[in-house]
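In what follows, a single structure is set out as structure tokens and then discussed.
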Amino acid sequence: MLPYRFFSVNEHATGAGAPLPQAEHQSYRPDIDGLRAFAILSVVIFHASPSSLRGGFVGVDVFFVISGFLISGIIFRGLDRGTFSFSDFYIRRIRRIFPALLLILAVSMLAGWYWLLANDFTMLGKHMASSLSFIQNLILYGEAGYFDTASEYKPLMHLWSLAVEEQFYLLFPLLMWLLWRIRANIPVTVTIIALFSFWQNLSLVRADETAAFFLPQARFWEIMAGSLLAWGMLFPQRIPFLGKHFVARENGAGSHLAGLGDIREKRVRNILSAAGMVFLLFSVIVIRQSRPFPGTWALLPVLGSVLVILAGPEAWLNRRIFGSRIAVWIGLISYPLYLWHWPVFSFIRILEYGKPSWQWRTCGAVLSFVLAWLTWRLIERPIRFGGRRLLKTALLCMVAVVLGIVGWNIYKGHIDPKSKQYGVDDIISAIIEWDDPKALSPMQIDGVKLNGIEGEKLTLFYGDSNMEQYTARIVELLKDSDGKRGAAFLAKGGCVPIPGVKRKTRPQCDVMAEHFFTLAKNERVDTIVVAASWVEYYLSGTRATIEGVPLESEAGISRSIEAIDRMLGNIAALDKKAYLVLNIPLGLEAQSLVKRDILRGEFQVRSRSIDKEAFRKKHEFIQNPMKDLAEKHGITVIDPVDHLCGKETCPALSPEGKAMYKDGDHLRSTYVRDHVKYLDETVTAGPTGKKSAKNHSK
């Protein structure tokens with residue numbers, strides 16, 4: 001997101017030269033500041049309270065269109081006048097972007113040093129350096145994975161959109177200059193590139209939604225929609241088959257439709273504006289995070305923005321709503337507001353352990369507005385306008401280099417946060433601990449490639465990352481097996497082992513499910529263990545479906561129970577030892593064990609626990625049927641709650657005072673290796689053969 005104010009031609013003058021014809025002037029449009037206000041308010045409300053405006057994140061797409069319209073207009077006018085200068089263009093970009101950006105980075109760095117744990121501070125340093133290099137979107141895409149830190153805990157996460165725009169403006173001016181020099185058809189060329197980018201968006205959103213969200217080739221079409229609009233409004237008469245329908249206005253306010261009277265044209269503009277508003281409102285109300293995005297859904301905010309801008313400042317909605325004083329004021333501070341609001345909310349979530357009250361979130365929103373106004377009034381305007389352009393630009397670049405070097409040194413561990421002084425290293429260790437079965441030896445059974453420990457007889461471990469979390473203990477048990485017993489892991493994070501369950505973000509899980517019974521039937525496999533964080537897939541955010549029905553729905557629950565019944569029946573028919581492992585307690589992540597004194601910046605480890613019976617009761621809708629079905633088919637049930645919890649509560653700290661969990665739904669590796677014994681019999685028990693069902697307890 002880069003909200004830019006649309007200034008008058010005089011403010012963008014690049015030197016002496018013949019002025020543009022009156023019809024090609026673009027004066028300041030307050031309604032575009034108002035459109036920017038709509039976008040930033042949508043984003044802020046969504047980030048403050050996602051349930052209040054579920055589609056508010058599309059405000060970023062609105063900003064992409066606005067940016068393409070305003071900045072491309074500057075480029076096109078400069079080329080038409082013959083006064084376009086690359087140096088002048090990028091000097092203006094630096095003076096526009098850097099003042100607020102450098103301030104936010106510096107403040108985030110100091111807040112991070114004061115409040116963050118070492119691992120989070122290291123990541124903050126990396127994001128500082130990547131933001132100043134305008135590759136934050138690429139870095140975030142590279143980080144994306146099952147164990148990636150949640151976006152709410154990344155204070156500079158939002159700068160991905162700044163990176164996308166600057167990547168666009170590194171390429172677009174040069175391309176337009178070349179096309180202008182060779183007298184190529186600019187609107188046709190831009191349209192072709194935009195269509196290719198849109199095709200990339202549609203292709204990636206099906207194959208890799210994270211790539212579609214972050215990568216520039218899938219996002220450029222949104223900016224180019226604004227570019228095409230800028231060309232069309234500046235030079236309508238130069239568009240084939242369309243120019244004859246436009247004539248220049250004598251007052252320099254753009255162009256109007258030929259053959260239409262003022263009243264009819266006003267109606268057309270009002271219709272365009274109203275249609276745009278409908279599209280925008282529909283976007284923020286209907287679009288959800290659970291829907292594939294950007295994809296075709298992004299057309300709604302893009303088209304809505306185009307229509308509002310196309311309607312012009314004379315349209316009633318543009319004049320009365322978008323052009324109102326309060327909307328214009330919010331639009332003017334929208335860039336620093338965008339930069340400030342996310343770090344403010346992110347640090348609040350970190351300090352409040354991910355669950356800030358509505359009072360905290362309201363205070364965060366108010367603080368963001370105050371900081372944005374102060375930044376705009378005291379930092380942006382003085383640096384951006386006035387004399388000494390080159391000196392200001394040079395100083396901004398020097399500060400950017402210094403902050404980039406500091407960020408890189410933080411990332412490399414050369415600068416420690418304050419938390420290092422307070423002995424919370426065990427918590428940091430727990431957060432980063434993970435023994436991945438993919439690090440084990442590669443194996444191949446009946447043509448299926450997987451990883452594990454070779455042995456004459458094998459235990460097949462099947463499931464998601466809750467199955468993978470037991471790797472450390474299994475490796476420990478088999479280290480002296482002398483090749484008699486081994487283990488094979490068919491497990492992947494986010495892949496629920498319920499037949500027929502689909503996840504848009506995990507297409508690879510379908511292949512894993514197909515391989516399961518091929519492996520289970522192999523004569524070397526004498527024991528089968530199925531484990532998962534079952535209950536989590538019944539949350540709407542996972543976007544899990546079965547037979548096209550959301551898994552969390554009543555019908556989805558019913559169908560999934562039937563699917564589990566069939567799966568357990570098929571496993572039982574193999575006449576091998578079989579185990580079904582239920583959920584571990586949830587919500588006891590290591591990070592939540594750190595108690596912070598917000599004012600003094602002090603840290604200490606605190607104890608935490610959840611109510612054992614409350615956890616069971618909350619999830620009995622699926623856990624109880626699974627137990628009953630396992631008993632029906634003679635499959636042994638292992639309930640980790642019996643082993644990880646006391647009589648009444650499930651603690652987050654071991655008796656030695658160490659963190660037991662890596663995050664909210666995974667045990668840490670060292671605790672698993674040394675203390676988790678409830679899976680031992682799956683690799684050490686006696687002869688093969690079907691075992692009578694039982695429920696394990698301590």
Side-chain angles (χ1 to χ4, degrees), residues 435 437 458-478 485 487-491 495-498 516 520 525-537 561 564-565 567-572 574 576-586 588 610 612-613 615-616 619-620 622-647 650-651 660-661 665-669 671-698:
D435 282 17
L458 298 171
T459 299
L460 175 62
F461 294 99
Y462 174 53
D464 63 5
S465 58
N466 264 235
M467 183 78 268
E468 293 180 307
Q469 71 185 337
Y470 298 117
T471 301
R473 181 67 182 177
I474 293 163
V475 170
E476 180 73 12
L477 291 171
L478 292 177
R485 287 212 62 83
F489 283 88
L490 184 66
C495 292
V496 57
I498 301 177
F516 171 59
V525 174
D526 65 1
T527 305
I528 299 167
V529 182
V530 183
S533 185
W534 308 96
V535 300
E536 291 195 279
Y537 297 100
I561 291 173
I564 293 169
D565 187 14
M567 177 183 70
L568 296 181
N570 291 333
I571 292 174
L574 298 173
K576 300 181 179 184
K577 287 190 298 183
Y579 297 83
L580 179 67
V581 185
L582 302 180
N583 263 84
I584 63 170
L586 301 176
L588 294 169
I610 62 171
K612 177 179 176 180
E613 291 309 313
F615 174 80
R616 279 191 163 147
H619 303 112
E620 62 184 8
I622 187 64
Q623 300 269 62
N624 286 352
M626 291 178 69
K627 290 179 183 179
D628 294 340
L629 292 172
E631 182 177 355
K632 166 186 169 182
H633 294 293
I635 292 173
T636 302
V637 174
I638 297 177
D639 189 348
V641 171
D642 289 331
H643 303 263
L644 300 171
C645 304
K647 290 183 178 180
C650 303
M660 297 167 56
Y661 294 82
D665 50 5
H666 298 93
L667 295 162
R668 70 184 295 189
S669 295
Y671 181 81
V672 169
R673 184 193 64 208
D674 298 335
H675 298 286
V676 174
K677 301 180 180 180
Y678 49 81
L679 291 189
D680 288 9
E681 69 177 77
T682 66
V683 292
T684 60
T688 61
K690 190 172 178 180
K691 199 171 183 179
S692 59
K694 64 179 181 178
N695 290 332
H696 279 230
S697 58
K698 288 183 180 178

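This structure is a prediction, so every number in the text was calculated from the model and none was measured.
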Shortest non-hydrogen separation from [X] to [Y] and the atoms involved:
X    : Y    : value
A630 : L580 : CB-CD2, 4.1 Å
P497 : Y462 : CB-CE2, 3.4 Å
M660 : P651 : SD-O, 3.5 Å
L644 : P585 : CD1-CD, 3.7 Å

Within this structure, what is the [atom1]-[atom2] distance for the pair [X] and [Y], rounded to the nearest 0.5 Å?
X    : Y    : atom1 : atom2 : answer
T527 : L460 : OG1   : CG    : 9.5 Å
I564 : I622 : CD1   : CD1   : 4.0 Å
I498 : Y537 : CD1   : OH    : 9.0 Å
S669 : E468 : OG    : CD    : 10.5 Å
I635 : I528 : CD1   : CD1   : 8.0 Å

Can you find a heavy atom in the side chain of [X] that is under 4.5 Å from one in the side chain of [Y]?
X    : Y    : result
F461 : T471 : no
R473 : L679 : no
Q623 : V535 : yes

Taking [X] for the side chain and [Y] for the main chain, is one N or O donor matched with an acceptor at less than 3.5 Å?
X    : Y    : answer
D464 : S533 : yes
Q469 : H666 : no
N466 : D665 : yes
K576 : A520 : yes
K612 : G646 : yes
W534 : V581 : yes

(request) Might you work through the salt bridge (Lys or Arg N to Asp or Glu O under 4.0 Å) test for D642 and R616, ending with a clear yes or no? (result) CA-CA 11 Å; D642 289 331; R616 279 191 163 147; 2.6 Å; yes
(message) My understanding is that only one of T459, T684, V683 makes a side-chain contact (heavy atoms from CB on, under 4.5 Å) with L478; could you say which?
(response)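 Going through T459, T684, V683 one by one, the side-chain contact (heavy atoms from CB on, under 4.5 Å) with L478 is satisfied by V683 alone.
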(message) Set out, in order, the CA-CA distance, both residues' side-chain angles and the distance that settles side-chain contact (heavy atoms from CB on, under 4.5 Å) for M467 and L490, then state yes or no.
(response) CA-CA 9 Å; M467 183 78 268; L490 184 66; over 6 Å; no
(request) Take M567 and L629 through the side-chain contact (heavy atoms from CB on, under 4.5 Å) test and state the conclusion after the steps. (result) CA-CA 10 Å; M567 177 183 70; L629 292 172; over 6 Å; no
(message) Determine whether the aromatic ring centres of residues Y678 and Y579 are separated by less than 6.0 angstrom.
(response) no
(request) Evaluate the side-chain contact (heavy atoms from CB on, under 4.5 Å) criterion for residues H619 and L582: first the C-alpha distance (whole Å), next the side-chain angles of each, then the deciding distance (0.1 Å), finally the verdict. (result) CA-CA 11 Å; H619 303 112; L582 302 180; over 6 Å; no
(request) Go through L477 and R485 one step at a time and tell me if the side-chain contact (heavy atoms from CB on, under 4.5 Å) criterion holds. (result) CA-CA 10 Å; L477 291 171; R485 287 212 62 83; over 6 Å; no
(request) Apply salt bridge (Lys or Arg N to Asp or Glu O under 4.0 Å) to the pair D435 and R673, showing each step before the final yes or no. (result) CA-CA 10 Å; D435 282 17; R673 184 193 64 208; over 6 Å; no
